[in-house]
**Q** 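Dropping a structure here in structure tokens format, bear with me for questions.
Residue numbering restarts at 1 for every chain, and letters A, B, ... go by the order of the sequence lines.
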Amino acid sequence: MRFAQALAYRLLLAVITLVLLSIIVFAGCQVLPGDVGRAILGPLADARAVAVLNHQLGVDQPLLLQYWHWVSGMVQGNMGMSYTYRAPVGPFIGHALVNSLKLAGVAFVFVVPLGILGGVVAALRLGTWIDRAIVLSGLSATVVPEFVSGIVLIMVFSIWLHVFPLTATAPNSAGGLTQLYYLLMPAIPLFMIIFGYIARMARAGMVEALASDYTRTAVLKGLTYRQVIWRHVLRNALLPTITVVAVQSGYLIGGLVVVETLFNYHGIGGLIFAAAKAKDFPMLAAGILVIGLTYIVANLVADMLYSALNPRISFGRRE
Amino acid sequence: MSQRDSLISAIRRNLSEVDNDLMDNALAGRVDRRGFLIHGTRLGLSLPLLGTLAGAMGMAGSRGARADGTSGGTLRVAMTMPAGAIDPVTIADDGGLMVAMQSAEYLCALNPDFTLRPVLATSWSPNTDGSVWTFKLRSGVKFTNGEPMNADAVIASVERLANPKNASNALSAFKGVLSVGASHKVDDLTVEFHLDAPSGNFPYILSSDNYNCYILPANYTGGFEQSFIGTGPFKLEKYIPKVGCSYTRNDSYWGPKALPDRLEFTFYSDMQPQVLALQGGQVDMLAQMPVAAGRAILNNPDFKIVSCKSSAHQQVHMRCDQGSFRDKRVRQALALSINRKALVRGLFQGHADVGNDSPFCPAFPSTDTSIPQRDQDLKKARELLGAAGVSNGFSVTLTTEQFLEIPDYAVLIQSFAKKIGIDIKLHVEDQGAYYGKAVFGQSDWLDSPLGITDYGNRGVPNVFLGAPLVTGGPWNAAHFNNKTYDGLVVDYVKALDLSGQRAVSGKIESLLLDETPIIFGYFYNYLYATSKNVSGLPAVADRPFLDRVSIAKT
């Protein structure tokens with residue numbers, strides 16, 4: 001019962017967050033220079049044509065009215081019409097989201113276990129060369145921008161060795177394995193960026209947990225090394241790591257403009273970027289709300305995992 | 001009378017006064033073969049006739065009949081993603097036009113040498129003063145939905161674009177040239193256009209040069225994206241917005257059937273991955289490649305580069321109505337500080353022509369080439385600044401857009417100007433921010449004291465001469481106000497024959513060189529890059545027609 005209440009409370013907060021987000025996006029769109037019709041027709045088009053197009057798109061209406069139309073559409077499950085594509089936003093967002101989830105999924109499946117493993121191993125071998133190697137390589141990989149690692153990967157594995165395709169977009173009829181094959185190389189730059197974060201958080205958590213009183217108690221009362229690590233250290237050590245992973249999952253869904261551009265992949269990041277440039281509010285808003293939703297869901301899952309790992313933190317209990 | 005002379009005079013008897021002026025120029029050696037063909041086609045003389053005449057007058061042909069090429073195969077093209085809906089009335093970007101032009105056609109289309117070739121029109125001709133133009137249409141042409149291509153379709157297509165009630169991107173091109181209701185059907189295959197004011201270059205407005213001017217069925221009301229309706233050599237197979245599209249050969253095409261079986265376009269949001277895709281063999285061709293993006297393959301023998309002369313350029317405007325640039329000597333000084341040959345080498349690896357501070361580029365046959373070229377002259381520049389009372393230099397902000405090589409150009413101008421004591425601060429911004437609302441008072445482009453603005457290729461200089469330079473012109477960022485100039489432009493626009501145009505162009509070039517409201521530093525070429533097995537790509541600036549392209553089997 002308590003759980004259900006807590007969940008309802010969180011959902012309410014989520015809705016408020018999304019409404020605020022949509023207002024910010026709408027306001028932001030108004031602040032962007034130029035207008036929609038001008039963005040579509042270009043600087044050299046006649047002002048009369050621009051006015052006609054703005055009227056056709058409805059962006060010449062009062063701002064509150066525009067926002068109200070959009071909100072009432074959203075409530076009925078209608079994401080609106082894209083200004084630039086003059087077609088429903090829904091399918092664009094749908095395809096892009098599926099693509100983003102696939103790429104994020106591939107990156108996630110590799111980076112989360114390996115990152116945690118790296119951090120745990122480094123902490124258990126604290127101060128040795130293994131520790132230093134993991135920390136240093138993680139840190140170095142994190143600072144390499146995606147456009148550098150991506151281009152190097154393409155040059156080496158696609159153009160020189162011909163092992164991986166140049167793009168992340170698999171042919172239309174491709175099955176699951178082929179799609180995975182296309183997504184492997186684009187996932188590497190993401191892996192490089194996130195691995196270091198996760199490994200360092202996991203390492204720090206481990207180091208702290210290993211030095212704690214309860215670990216000493218566990219060791220002193222005669223538990224085996226394995227029991228100490230699994231039962232006492234890990235579940236405490238991984239709490240901060242979960243937060244990092246939750247935050248990164250939002251980035252993995254919506255922040256991949258560079259990787260998507262480089263590997264010509266059609267995800268949410270590129271979609272939002274293009275929509276922002278074109279002042280395409282319905283497309284931009286829908287994309288950003290999807291990312292907002294991703295963050296909310298990821299944080300919700302993280303909180304639930306928290307309480308599962310540490311019973312002292314109860315999901316339902318409010319301070 | 002020799003056989004040659006009798007042939008020429010036989011033809012001349014059937015030509016109008018204007019046509020005969022062209023012949024006189026040709027015979028007197030004032031027009032070369034290219035200029036002769038250009039003006040001939042503009043006047044609606046057919047190319048075979050002109051070829052015969054040129055031959056009779058001893059003008060050597062530039063090349064023999066084109067090799068036929070091999071049929072078959074799929075041409076895979078990487079291109080920049082269309083900016084939005086593929087709607088012929090509103091398209092304003094290369095991506096969208098490239099996609100539409102494979103299946104939809106124009107009345108006439110630009111050739112590599114800036115002549116017009118007949119497409120859906122077979123010929124065109126003006127009345128004596130160029131105020132009425134008559135277009136003859138090709139018979140037996142049908143749209144992909146079975147509708148006939150006829151006078152009704154042409155009139156509807158043109159009026160749709162000239163109508164201020166539609167969101168027509170071509171409205172600015174038709175403004176002051178052709179109004180709604182001024183296109184008349186003479187018969188099913190003949191249309192008369194009654195212009196607002198006489199124009200010698202009107203056919204260019206109904207050609208691929210005015211790129212929205214696709215001929216669509218008379219009853220077309222929208223929804224081009226559903227089927228890419230048209231009369232062209234290819235028909236749509238599949239279009240997925242933001243991803244790509246493919247075409248198959250249109251077997252009922254009215255002309256020679258397309259050589260490739262299929263076209264496959266993949267859309268990219270950036271240039272770099274396109275170049276990589278060509279390098280990796282994933283595509284056979286890049287629909288467009290700026291020099292800056294293509295340095296990796298520009299001199300690589302594994303790839304072919306087609307370099308097309310164009311009139312595309314970046315205008316460096318200086319505000320003539322305020323600040324230090326009010327004095328024309330200051331404007332001349334800045335123009336004299338620039339080393340144009342270095343620009344062509346550095347920014348374009350030679351794929352550009354030097355500009356002479358007027359829109360008359362070397363590619364236009366009406367350009368008067370006797371006007372001396374302005375070169376870098378720092379001493380004279382400093383003297384001019386001294387004479388204008390700013391010998392200690394001054395500070396000014398150069399505002400411009402993040403587009404192609406423009407930011408680099410801005411940095412070069414900054415360093416050239418420093419040599420004569422002008423301290424330029426750069427303000428490079430996003431294109432949307434630069435153009436703003438694109439009206440005076442709400443646009444960095446139109447309000448900045450010094451700025452750089454991109455202008456694409458045009459087949460004739462009319463657009464460049466008008467809106468950016470005439471008094472009160474909507475794109476007159478230089479705020480140039482010169483009645484003599486305005487009068488010369490009117491004369492140029494209505495001149496029907498080459499000698500008439502050249503008489504005016506020389507005066508315009510001299511006037512602009514003296515006043516220097518805008519620096520035209522260079523006119524850059526359009527580049528297409530292909531793999532080695534692709535051939536037959538016509539060197540037409542803007543966007544390539546692909547029906548004559550052969551793909552060799554490897």
Side-chain angles (χ1 to χ4, degrees), chain A residues 32-35 37-57 82-87 91-92 95-96 99 147 150-151 154-155 157-160 162 164-167 169 172 257-258 260-266 270-271 273-274 276-280, chain B residues 78 81-85 87 89-93 164-175 222 225 238 240-244 266-270 272-274 276-277 279-283 429-439 442-445 453-456 463 467 474-475:
Chain A
L32 287 175
D35 64 49
R38 187 53 77 186
I40 292 172
L41 290 177
L44 306 187
D46 193 284
R48 289 172 296 171
V50 173
V52 171
L53 188 56
N54 279 334
H55 184 69
Q56 284 173 1
L57 297 171
S82 156
Y83 295 154
T84 39
Y85 287 92
R86 274 163 269 166
F92 284 96
H95 288 144
N99 279 342
F147 59 86
I151 288 183
I154 289 178
M155 295 300 291
F157 291 105
S158 300
I159 292 179
W160 185 33
H162 295 285
F164 282 114
L166 268 157
T167 160
T169 310
N172 271 329
V257 180
V258 174
E260 286 173 13
T261 304
L262 206 52
F263 292 93
N264 206 33
Y265 194 63
H266 305 284
L271 186 91
F273 182 59
K277 280 202 295 189
K279 288 178 68 88
D280 189 352
Chain B
M81 187 181 295
D87 175 352
V89 178
T90 58
I91 312 181
D93 66 302
K165 292 203 177 79
N166 295 329
S168 158
N169 189 48
L171 190 57
S172 51
F174 282 108
K175 193 177 174 183
E225 268 183 10
K238 191 172 188 186
I240 310 175
K242 279 180 164 288
V243 177
T266 309
F267 302 157
Y268 289 81
S269 49
D270 195 38
Q272 183 73 48
Q274 298 184 44
L276 289 169
Q279 283 179 293
Q282 203 154 69
V283 297
E429 55 189 353
D430 167 76
Q431 279 194 297
Y434 179 68
Y435 285 109
K437 296 243 179 217
V439 288
Q442 294 178 69
S443 162
D444 286 351
W445 160 42
T453 309
D454 68 289
Y455 278 86
V463 167
W475 314 334

**Q** Where on B/Ala83 is there a heavy atom nearer than 4.5 Å to chain A: the side chain, the backbone, both, or neither?
**A** backbone
**Q** To the nearest 0.5 Å, tell me how far B/Met81 CE sits from A/His266 NE2.
**A** 5.0 Å
**Q** For the residue pair B/Lys175 and A/Arg48, establish whether any side-chain heavy-atom pair is separated by less than 4.5 Å.
**A**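 Touching, per the 4.5 Å side-chain cut-off.
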**Q** On a heavy-atom basis, which atom in A/Gln56 and which in B/Ala167 lie closest, and how many Å separate them?
**A**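 Closest heavy-atom pair between A/Gln56 and B/Ala167: OE1-CB, 4.1 Å.
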**Q** Could you look at B/Phe267 and say if it's the side chain, the backbone, both or neither that has a heavy atom under 4.5 Å from chain A?
**A**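 Looking at B/Phe267, just its backbone touches chain A.
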**Q** Tell me, out of A/Leu53, A/Asn54, A/Asn264, A/Ile151, who's got the most heavy-atom pairs with chain B below 4.5 Å.
**A** A/Asn264
**Q** Which atoms of B/Asp87 are under 4.5 Å from chain A, going by heavy atoms: the side chain, the backbone, both sets, or neither?
**A** side chain
**Q** I'd like to check the ring pair (Phe, Tyr, Trp, His ring centres under 6.0 Å) partners of A/Phe157; sequence neighbours left out, ordered by chain and number.
**A** none
**Q** Quick check on the interface: out of A/Val50, A/Asp280, A/Thr84, A/Val52, who has the most heavy-atom pairs with chain B under 4.5 Å?
**A**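 The candidate making the most pairs under 4.5 Å is A/Val52.
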**Q** Quick check on the interface: out of B/Ala277, B/Ala85, B/Ala173, who has the most heavy-atom pairs with chain A under 4.5 Å?
**A** B/Ala85
**Q** Quick check: closest heavy atoms across B/Pro82 and A/Tyr85, and the distance to 0.1 Å?
**A** O-OH, 3.6 Å
**Q** For B/Thr266, is it the side chain, the backbone, both or neither that has a heavy atom under 4.5 Å from a heavy atom of chain A?
**A**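 The side chain, not the backbone.
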**Q** Side chain, backbone, both or neither: which part of B/Gln272 has a non-hydrogen atom closer than 4.5 Å to chain A?
**A**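 The side chain, not the backbone.
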**Q** The criterion is side chain to side chain contact (heavy atoms under 4.5 Å, CB included); which residues satisfy it with B/Ala92, sequence neighbours excluded?
**A**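 Side chain to side chain contact (heavy atoms under 4.5 Å, CB included) list for B/Ala92, sorted by chain: B/Asn169.
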**Q** Sort A/Ala274 into side chain, backbone, both or neither according to what part of it lies under 4.5 angstrom from a heavy atom of chain B.
**A**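 Looking at A/Ala274, just its side chain touches chain B.
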**Q** Do the side chains of B/Leu276 and A/Met155 get nearer than 4.5 Å, heavy atoms only?
**A**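 Answer yes - side chains close enough.
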**Q** Please flag which part of B/Ile91 lies under 4.5 Å from any non-hydrogen atom of chain A: side chain, backbone, both or neither.
**A** neither
**Q** If you round to the nearest 0.5 Å, how far is CD of A/Glu260 from CG of B/Asp270?
**A** 13.0 Å
**Q** May I ask you to name which of A/Leu166, A/Ile159, A/Leu271 has the most heavy-atom pairs under 4.5 Å with chain B?
**A** A/Leu166
**Q** Verify, without hydrogens or angle tests, whether A/Asp46 (side chain) and B/Ala170 (backbone) share a donor-acceptor contact under 3.5 angstrom.
**A** no
**Q** Heavy-atom distance under 4.5 Å between the side chains of A/His95 and B/Ile240, does that happen here?
**A**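 Counting from C-beta outward, A/His95 and B/Ile240 never come under 4.5 Å.
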**Q** Of all the heavy-atom pairs spanning A/Pro43 and B/Tyr435, show the shortest one and how long it is.
**A** CB-CD2, 3.1 Å
**Q** Would you say A/Asp35 and B/Lys437 make side-chain contact, with heavy atoms under 4.5 Å?
**A**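 Contact flag for A/Asp35/B/Lys437 side chains = yes.
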**Q** For the CG atom of B/Asp93 and the CD1 atom of A/Ile40, what is their distance to the nearest 0.5 Å?
**A**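 With rounding to 0.5 Å, CG (B/Asp93) is 10.5 Å from CD1 (A/Ile40).
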**Q** Give, as side chain, backbone, both or neither, the part of B/Pro474 having an atom under 4.5 angstrom from any heavy atom of chain A.
**A**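 For B/Pro474, no heavy atom lies under 4.5 Å from chain A.
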**Q** Return the minimal non-hydrogen interatomic distance between A/Ala45 and B/Ser172, and the atom names on each side.
**A**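 So the minimum-distance heavy-atom pair works out to CA-OG, 4.2 Å.
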**Q** Among B/Ser443, B/Ala467, B/Ala438, B/Gly281, which residue has the highest count of heavy-atom pairs closer than 4.5 Å to chain A?
**A**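 Of B/Ser443, B/Ala467, B/Ala438, B/Gly281, B/Ala438 has the most heavy-atom pairs under 4.5 Å with chain A.
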**Q** For B/Ser269, which atoms come within 4.5 Å of any heavy atom of chain A: side chain, backbone, both, or neither?
**A**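 Contact with chain A involves both backbone and side-chain atoms of B/Ser269.
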**Q** Is it the backbone or the side chain of A/Thr261 that comes under 4.5 Å from a heavy atom of chain B, or both, or neither?
**A** both
**Q** Might you point out which heavy atoms bring A/Leu262 and B/Pro273 nearest each other, and give the distance in Å?
**A** O-CB, 3.5 Å
**Q** Give, as side chain, backbone, both or neither, the part of A/Ser82 having an atom under 4.5 angstrom from any heavy atom of chain B.
**A** neither
**Q** Are B/Lys242 and A/Phe92 close enough that some pair of their side-chain heavy atoms sits under 4.5 Å apart?
**A** yes
**Q** Contact part of A/Leu44 toward chain B, heavy-atom cut-off under 4.5 Å: side chain, backbone, both or neither?
**A**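 Both backbone and side chain of A/Leu44 come within 4.5 Å of chain B.
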